[in-house]
A.B. asks: 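Pasting a structure here, questions to come.
Naming: A, B, ... by sequence-line order, numbering from 1 per chain. As a basis for the values below, the full set of heavy atoms in this structure was taken, side chains included, without hydrogen atoms, waters or symmetry mates.
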Amino acid sequence: MTDTVRTRIAPSPTGDPHVGTAYVALFNYAFARRHGGQFVLRIEDTDRRRSNAASERMIFEALRWLGLEWDEGPDVGGPYGPYRQSERSEIYREHVEKLVASGAAYPCFCTTERLKALRAEQREKKLPIGYDGHCRSIPPEEARRRRDAGEPHVIRLAMPREGESVVNDLLRGEIRFANSQIDDQILLKSDGFPTYHLANVVDDHLMEITHVIRAEEWISSLPKHVRLYEAFGWAPPVFCHLPLLRNPDTSKISKRKNPVSLNYYRRAGYLPEALLNYLALMGWTMPDEREEFSLGELVKNIDLGDIRLGGPVFDLTKLTWLNGRYLRRMSPEEILERLRRDLYSDEYFLRILPLVRERIDTLEQFAEYSQFFFTGTLEYGEAARKKLLVKGRTAPQSAKILRVLLEEALDPVMEWDAAHLEPAVRTACEKAGLTPKELFMPLRVAVTGRPATPPLFDTMEVLGKETCRRRLRHAVELLRSMK
RNA sequence: GACCCCAUCGUCUAGCCAGGUCGAGGACACCGGCCUUUCACGCCGGCAACACGGGUUCAAAUCCCGUUGGGGUCGCCA
């Protein structure tokens with residue numbers, strides 16, 4: 001073990017880059033820098049079904065935009081690679097076999113159906129929900145035979161059934177769990193990929209991570225992780241669980257109730273340094289109580305022990321105020337530079353121009369015609385409101401149709417271009433029992449505010465996911481209030 | 001529901017660990033005023049909190065217990 005501090009951020013590339021990732025990354029980054037250590041980026045893409053390259057790329061871009069540079073990672077390399085878990089399968093398999101050999105883990109042949117039925121029964125009888133250890137009693141020789149015969153199985157951790165697990169959190173101190181209510185966690189899935197629990201423990205150890213700074217939602221699986229360190233004979237790192245960012249209603253932050261994509265903040269014109277500054281205020285205070293400070297100043301002053309445990313509500317209003325303060329301190333030249341970099345680049349104009357060229361006769365008309373490419377949320381006039389309605393449906397019904405369209409068809413689109421959007425929306429039409437013609441107009445009006453625009457999917461592509469989703473949300477709210 | 005975490009103004013928080021200096025400080029939002037051709041910025045002022053109940057103590061926002069409330073977890077997701 002080295003004695004330098006090593007921290008990591010370990011996002012899963014399964015969606016848009018999340019503000020919570022930035023929050024956790026910020027503290028990991030600051031703590032590592034404060035102690036002259038390393039900050040590692042590790043991609044946890046062991047969910048083969050949901051992980052995708054577009055999402056991974058967006059994570060890199062978003063963290064770089066924020067200025068949270070990592071010392072080691074999939075794209076920059078480093079002495080502890082590979083840094084993408086999908087490229088480390090062999091390592092996990094070797095390690096899990098050690099556990100099976102020592103009896104700390106065992107193969108489980110239970111089917112998904114059996115587990116489902118088990119859960120249903122436990123729910124019914126109001127018993128604690130969890131694996132019942134069914135396959136734990138299979139003699140090792142028999143298990144070996146069945147595995148060799150190619151019978152589908154997973155590997156589970158054999159948790160002690162009695163006694164207590166006492167784990168430690170830097171901020172909370174000792175936390176105790178009765179072992180009887182911790183079930184045998186799956187370590188290796190039937191597809192041969194590890195679960196988070198196995199992969200993160202193995203990687204944190206091999207990558208010599210000294211401080212695991214992550215979100216509070218992991219506390220309940222801490223005993224399983226600690227048990228793994230013990231089973232491997234490894235010294236565990238220091239664990240520090242950060243409070244969870246909250247929606248205004250204090251539930252865990254979610255895109256239904258608060259913008260969570262870092263792409264949103266970038267597109268909406270927040271400055272990375274202001275966002276970082278605001279995030280640092282969530283649970284932490286400068287020794288002199290100053291509210292405005294740079295990343296460098298955070299690094300100089302960070303002390304994990306100073307973090308408050310109450311889950312902070314992410315308050316857009318205060319973030320926006322802070323952002324304004326930053327903006328006002330900048331020179332016009334600096335602002336122009338940001339405008340060009342993050343919002344209105346030449347490249348952006350060049351994407352709009354092909355769409356509006358045919359539709360304008362003088363240069364002046366460009367501003368008028370393409371105005372909706374440059375604003376945030378839209379005001380819907382009387383005429384637009386009417387066209388927001390799906391033909392033959394009431395306002396609340398239309399609201400629901402657009403909401404479902406957004407959440408089920410559009411949100412999952414990671415490569416936001418016409419080629420991916422069109423099939424997604426057409427499929428949504430079928431599911432909703434609507435013709436394209438019936439759905440396209442409300443969608444068009446929702447995202448542009450107008451009934452006449454360049455081709456819908458090209459327009460949506462240029463507007464970008466964040467602007468489209470923001471306007472759709474707004475339109476849904478408006479329709480709801482229309483009754 | 002079970003388990004775990006948490007609890008100061010509507011929100012972010014200082015104070016709590018080392019109990020008296022707290023008739024609880026700052027910031028956002030809100031309200032009022034000043035500045036100003038307007039708006040905004042900026043400045044000044046105001047409103048507003050120790051969840052509740054016990055205990056310990058000469059003394060509790062600070063320590064202990066309970067209640068209540070909020071949150072998280074309970075996936076071959078992370």
Side-chain angles (χ1 to χ4, degrees), chain A residues 10-15 18 20-21 42-51 85 108-112 114-116 119 122-131 152-156 165 167 169 171-183 185-200 214-224 241-253 277-292 305-325 327-329:
Chain A
S12 178
T14 53
H18 200 276
T21 302
R42 183 173 71 221
I43 293 293
E44 309 230 325
D45 56 349
T46 54
D47 184 337
R48 289 198 297 177
R49 199 171 46 89
R50 296 199 303 156
S51 296
Q85 290 186 331
C108 166
F109 303 91
C110 290
T111 60
T112 314
R114 177 176 184 274
L115 298 176
K116 251 187 171 166
R119 271 192 287 267
Q122 288 167 335
R123 209 179 307 273
E124 177 138 355
K125 290 186 181 165
K126 297 195 191 287
L127 292 166
I129 292 166
Y131 184 61
H153 64 279
V154 301
I155 305 293
R156 284 182 189 272
S165 289
V167 299
D169 176 85
L171 298 171
R172 282 159 268 251
E174 285 186 354
I175 304 175
R176 295 163 180 277
F177 294 84
N179 289 145
S180 59
Q181 35 105 15
I182 304 173
D183 72 346
Q185 186 62 49
I186 292 179
L187 300 177
L188 202 70
K189 305 182 239 183
S190 57
D191 65 5
F193 275 70
T195 57
Y196 172 87
H197 308 283
L198 205 223
N200 111 82
R214 73 227 304 188
E216 192 180 8
E217 54 191 336
W218 292 110
I219 289 181
S220 46
S221 38
L222 226 204
K224 297 169 183 178
H241 293 88
L242 263 22
L244 248 16
L245 260 21
R246 309 289 183 88
N247 293 315
D249 68 1
T250 76
S251 55
K252 171 176 161 179
I253 199 165
N277 187 161
Y278 180 70
L279 250 14
L281 255 18
M282 305 270 83
W284 187 79
T285 316
M286 263 289 181
D288 62 4
E289 279 196 67
R290 208 160 22 113
E291 289 198 291
E292 293 171 50
D306 289 338
I307 293 169
R308 271 190 62 85
L309 298 176
V313 171
F314 190 91
D315 181 9
L316 269 178
T317 310
K318 186 158 182 178
L319 166 63
T320 305
W321 163 80
L322 224 209
N323 200 65
R325 298 273 300 185
L327 224 37
R328 271 167 238 128
R329 271 206 300 272

A.B. asks: For B/A2, what is the paired nucleotide under Watson-Crick or G-U wobble rules, both distances under 3.5 Å?
C.D. replies: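 Checking every strand shown, B/A2 finds its partner in B/U73, with both distances under 3.5 Å.
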
A.B. asks: Check every atom of B/G75, B/U73, B/C12 against the side chain of A/E217 and return the nucleotide holding the closest atom.
C.D. replies: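 Of the options given, the side chain of A/E217 lies nearest B/U73.
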
A.B. asks: Could you check whether A/E292 pairs with A/R290 (Lys NZ or Arg NE/NH1/NH2 to Asp/Glu carboxylate O, under 4.0 Å)?
C.D. replies: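 Answer for the salt bridge query: no.
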
A.B. asks: Please report the distance, rounded to the nearest Å, between CG in A/N247 and C1' in B/C12.
C.D. replies: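 Computing the A/N247:CG to B/C12:C1' distance gives 16 Å.
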
A.B. asks: Which nucleotide, if any, forms a Watson-Crick or G-U wobble pair with B/C58, using both distances under 3.5 Å?
C.D. replies: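 B/C58 is paired, partner B/G20.
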
A.B. asks: Measuring to OP1 and OP2 of B/C77, would you say a side-chain N or O of A/R49 lies under 4.0 angstrom away?
C.D. replies: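 Answer is no, no contact under 4.0 Å.
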
A.B. asks: Which of these nucleotides, B/C5, B/C12, B/G70, is closest to any side-chain atom of A/M282?
C.D. replies: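 Of the options given, the side chain of A/M282 lies nearest B/C12.
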
A.B. asks: When you measure only distances, ignoring hydrogens and angles, does the side chain of A/E289 come within 3.5 Å of the base of B/G25 through a donor and an acceptor?
C.D. replies: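 Counting by modelled atom types and ignoring angles, a donor-acceptor contact under 3.5 Å is found here.
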
A.B. asks: In Watson-Crick or G-U wobble terms, both distances under 3.5 Å, what is the partner of B/C9?
C.D. replies: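 Check on B/C9: unpaired, no WC or wobble geometry under 3.5 Å.
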
A.B. asks: According to a strict under-4.0 Å criterion, is A/K125 in side-chain N/O contact with OP1 or OP2 of B/G1?
C.D. replies: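 Result: no.
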
A.B. asks: Using a cut-off of less than 4.0 Å, is there contact between a side-chain N or O of A/R176 and OP1 or OP2 of B/C3?
C.D. replies: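 For B/C3, neither OP1 nor OP2 has a side-chain N or O of A/R176 closer than 4.0 Å.
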
A.B. asks: Using a cut-off of less than 4.0 Å, is there contact between a side-chain N or O of A/R119 and OP1 or OP2 of B/G75?
C.D. replies: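 Answer is yes, contact under 4.0 Å.
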
A.B. asks: Okay, side chain of A/N247, backbone of A/D249: is any donor-acceptor separation there less than 3.5 Å?
C.D. replies: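 Checking the backbone N and O of A/D249 against the side chain of A/N247, no donor-acceptor pair under 3.5 Å is found.
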
A.B. asks: Could you please name the option among B/G71, B/C77, B/U13 that lies closest to any side-chain atom of A/R50?
C.D. replies: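 Nearest listed nucleotide: B/C77.
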
A.B. asks: Among the nucleotides B/C4, B/C41, B/G71, which one has an atom lying closest to any side-chain atom of A/K252?
C.D. replies: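 The answer is B/G71, which lies nearest to the side chain.
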
A.B. asks: Would one find a side-chain N or O of A/T46 under 4.0 angstrom from OP1 or OP2 of B/A78?
C.D. replies: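 Answer yes for this pair, as a side-chain N or O of A/T46 is under 4.0 Å from OP1 or OP2.
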
A.B. asks: At under 4.0 Å, does any side-chain N or O of A/S220 touch on OP1 or OP2 of B/C74?
C.D. replies: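 Answer is no, no contact under 4.0 Å.
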
A.B. asks: State which of B/C76, B/G26, B/G42 makes the closest approach to the side chain of A/E291.
C.D. replies: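 Among the listed nucleotides, the one closest to the side chain of A/E291 is B/G26.
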
A.B. asks: Okay, side chain of A/K224, backbone of A/I182: is any donor-acceptor separation there less than 3.5 Å?
C.D. replies: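 It does not hold such a pair.
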
A.B. asks: Can you see which heavy atom on A/I129 is nearest to which on A/R119, and at what distance?
C.D. replies: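 Distance-wise, the nearest heavy atoms are CG2-CG, 3.7 Å.
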
A.B. asks: Partner of B/C50 by Watson-Crick or G-U wobble geometry, both contacts under 3.5 Å, or none?
C.D. replies: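 Check on B/C50: unpaired, no WC or wobble geometry under 3.5 Å.
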
A.B. asks: From B/A14, B/C41, B/C77, pick the nucleotide closest to the side chain of A/T285?
C.D. replies: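 Per side-chain heavy atoms of A/T285, the pick is B/A14.
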
A.B. asks: Counting side-chain heavy atoms from CB outward, which of B/C41, B/G71, B/G75 is closest to A/I129?
C.D. replies: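 Closest of the options to the side chain of A/I129: B/G75.
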
A.B. asks: Hey, does the side chain of A/R308 come within less than 4.0 Å of B/A14's phosphate (OP1/OP2), counting only N and O?
C.D. replies: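 Answer yes for this pair, as a side-chain N or O of A/R308 is under 4.0 Å from OP1 or OP2.
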
A.B. asks: Do the side chain of A/K318 and the base of B/A27 come within less than 3.5 angstrom through a donor-acceptor pair of N or O atoms?
C.D. replies: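 Indeed there is one.
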
A.B. asks: Could you tell me whether the side chain of A/D169 and the main chain of A/H241 form a donor-acceptor pair under 3.5 Å?
C.D. replies: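 Flag set: sc A/D169 to bb A/H241 pair under 3.5 Å.
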
A.B. asks: Between A/F109 and A/P152, what is the shortest heavy-atom contact and its length?
C.D. replies: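 The pair with the smallest heavy-atom distance is CD2-O, 3.6 Å.
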
A.B. asks: Is the base of B/C76 touched by the side chain of A/S190 through a donor-acceptor pair closer than 3.5 angstrom?
C.D. replies: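 Side chain to base: pair present.
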
A.B. asks: With a 3.5 angstrom cut-off on both distances, give the Watson-Crick or G-U wobble partner of B/G45, or none if there isn't one.
C.D. replies: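 Matched B/G45 with B/C31 under the 3.5 Å cut-off.
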
A.B. asks: Quick check: on RNA chain B, is the nucleotide nearest A/Q181 upstream (toward 5') of the one nearest A/V313, or the reverse? Name the residue that is more 5'.
C.D. replies: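 Upstream on the strand: A/Q181.
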
